[in-house]
Amino acid sequence: MRGPSEPRDALRSAPPRAVSPCCGTFGLNTLQLMVALRVRPISVAELEEGATLIAHKVDEQMVVLMDPMEDPDDILRAHRSREKSYLFDVAFDFTATQEMVYQATTKSLIAGVISGYNATVFAYGPTGCGKTYTMLGTDHEPGIYVRTLNDLFRAIEETSNDMEYEVSMSYLEIYNEMIRDLLNPALGYLELREDSKGVIQVAGITEVSTINAKEIMQLLMKGNRQRTQEPTAANRTSSRSHAVLQVAVRQRSRVKDVLQEVRQGRLFMIDLAGSERASQTQNRGQRMKEGAHINRSLLALGNCINALSDKSSNKYINYRDSKLTRLLKDSLGGNSRTVMIAHISPASSAFEESRNTLTYAGRAKNIKTRVKQNLLNVSYHIAQYTGIIADLRGEIQRLKCKFDEQTRRGPARGRLERGDIRHIQAEVQLHSGPGGQADMGQLREQLISAFQEQMEVRRRLLELEHQTMEVQIDTSRHLLTIAGWEHEKSRRALKWREERRKESYTKDDSEKDSDTGDDQPDVLEPPEVATARESITALMGEQKRLQKQKVCMVWGAGKAGLGSWGRGGAAR
Ligand SMILES: Nc1ncnc2c1ncn2[C@@H]1O[C@H](COP(=O)(O)OP(=O)(O)OP(=O)(O)O)[C@@H](O)[C@H]1O
């Protein structure tokens, strides 16, 4: 965690946008696993290093990551996607406030917890991407911990006429597979035990039951300072442990009954250790060992979430692979709800880490993003191609004007050049004796012929430029045909999926399970698209040929002593 004195909100200028309630929050009977993504503001350090923004929120659920290594001006590869889009239940960028993140992800868990359900919220992502900021926050911008506890106490207060509650809170860290009490580190390492009801408990952990928000914030800040933080190659103050805030709520009715039912709901809020890969942080020794433990527990967590989110399979869920998953056993499975908030930096320097995080988070959710993703990519490309064509048109217009102007000015310019030649001649005469008259005539002839040759080279170069432009326009036209077809294909795929979904409503459950595959029947590509693909290959060859001719011509002109004329004139 970094201190509040080091805000990374260099770009925090746009007004916050509201999160649509339909995709952000989730009610008790809806999502079991919600995956959110938060892209933090680019930091001053990243800007100073020359990083550019490569992660963009496209809408309330979609984030696009651009590959900084791909060349945006490479027209011949423009049909290849530079960007990849990822879909989440809700996405936030630098404009999102702490309150917006809390409202859309965690607030709706509270009602469940006070009525006896378990829930887990965890912040995932590489080091320095804002996990602690989201969970703990700062004094001025408190995060999910405090906002949740505040609302939890308020909800308890509102129902306290009928119900009696007991709330207890503990804060621990798991470091190198060992558990430490962050509210009382002097206790040393603690063990996990299963109680008589099979519930996993941390033996001997400090439990506090304050309901004063300010006190809680102070306790958590103090606890957080006890966390194992070490400088890594990637972050000066990297949290090397998973911090777990556990809130247990016991509820019983005030109406005395023979059968007194007591319900206990548990809420885990977890700030995970940085997910960067050991190889990328160049960590050695102790740091590498930590890295291995962190990776192991994150992998175990990912596996559990994967198995839980894949309802169609009856995969065995192995919670025993790490302390973290053992502790969360009751809160990940069963009737509980889980919120994962993945974090990334928007900077180009963090591309690899961001891509890994987006893939991990996307896999956890197992959302079918393809159709929407294609639509987005295609529409981007159509816009790109239209832009390219407009640019090329402008360029042709410009060249035409230049050509016309040169044709108009040709003879006059010629006279001027000849004037220059006469001037040279006069100069030479001045410095040579009468015997040099014959040589002078010869020199004059040579100069005139060189000038004519140079005019010819210039004319041919202009012609070549014109042909290249035409080839490029043709290429773009074919790319547009292909993009149009991809668009159409995506539209059909979407329609096909919708029909499948409607069909599956009418089938019984056993049929549904066997019918949920993604295999869409192959769609035959129209002949004009196949022709467009072939033409592009041919046009690329043509473009190369023209380029070669141009190079030869300029080179030849240079060799013949016309270099500066040829290059400065037509070849731009
Ligand atoms: N959404 C945000 N708005 C403003 N500042 C942010 C935001 N997210 C992160 N920051 C700032 O970025 C810095 C790093 O964030 P933070 O310490 O939360 O990262 P982390 O993911 O917890 O890192 P680690 O895994 O190393 O502990 C902090 O200075 C924090 O204040």
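Just so you know, residue 1 is the first one in the sequence shown, and it goes up from there. Values reported hereafter were calculated over all heavy atoms of this structure, with side chains retained and with hydrogens, waters and symmetry mates removed. Just so it is clear, the structure is predicted and the values come from calculations on it, not from any experiment. Both ligands and their constituent atoms are indexed starting at 1 by order of listing.
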What about [X]: any of its N or O atoms under 3.5 Å from an N or O on ligand 1?
| X | result |
| --- | --- |
| Pro41 | no |
| Arg40 | no |
| Tyr133 | yes |

Yes or no on salt bridge (charged side-chain N to carboxylate O under 4.0 Å, His left out) for Glu486 and Lys489, after CA distance, side-chain angles and deciding distance?
-> CA-CA 5 Å; Glu486 297 289 346; Lys489 228 165 59 180; 3.7 Å; yes
Proximal atoms of ligand 1 relative to [X] (non-hydrogen, under 4.0 Å):
| X | value |
| --- | --- |
| Lys131 | 18 (O), 19 (O), 20 (P), 21 (O), 22 (O), 23 (O), 24 (P), 25 (O) |
| Gly130 | 8 (N), 9 (C), 15 (O), 16 (P), 18 (O), 19 (O), 20 (P), 21 (O) |
| Gly274 | 25 (O) |
| Arg38 | 1 (N) |
| Pro126 | 21 (O) |

Can Cys129 be said to touch ligand 1, with heavy atoms closer than 4.0 Å?
->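 Checking ligand 1 against Cys129, which is what was asked, there is a heavy-atom contact under 4.0 Å.
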Can a non-hydrogen atom of Ala273 be found less than 4.0 Å from any atom of ligand 1?
->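 Contact absent.
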Would you check if the side chain of [X] reaches a backbone N or O of [Y] as a donor-acceptor pair within less than 3.5 Å?
| X | Y | result |
| --- | --- | --- |
| Gln251 | Ile114 | yes |
| Tyr133 | Arg40 | no |
| Arg266 | Gln246 | no |
| His343 | Arg38 | no |
| Lys329 | Val199 | no |

Charged N to carboxylate O under 4.0 angstrom, Arg180 versus Glu173?
->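 So Arg180 pairs with Glu173 through a salt bridge.
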Salt-bridge test for Glu498 and Lys495: reply yes if a basic N is under 4.0 Å from a carboxylate O, no otherwise.
->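 Between Lys495 and Glu498 there is no salt bridge, as every charged N stays at least 4.0 Å from the carboxylate O atoms.
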Closest to atom 26 (O) of ligand 1 among Val101, Thr127, Val39 (heavy-atom distance) |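 Shortest heavy-atom distance from atom 26 (O) of ligand 1: Thr127.
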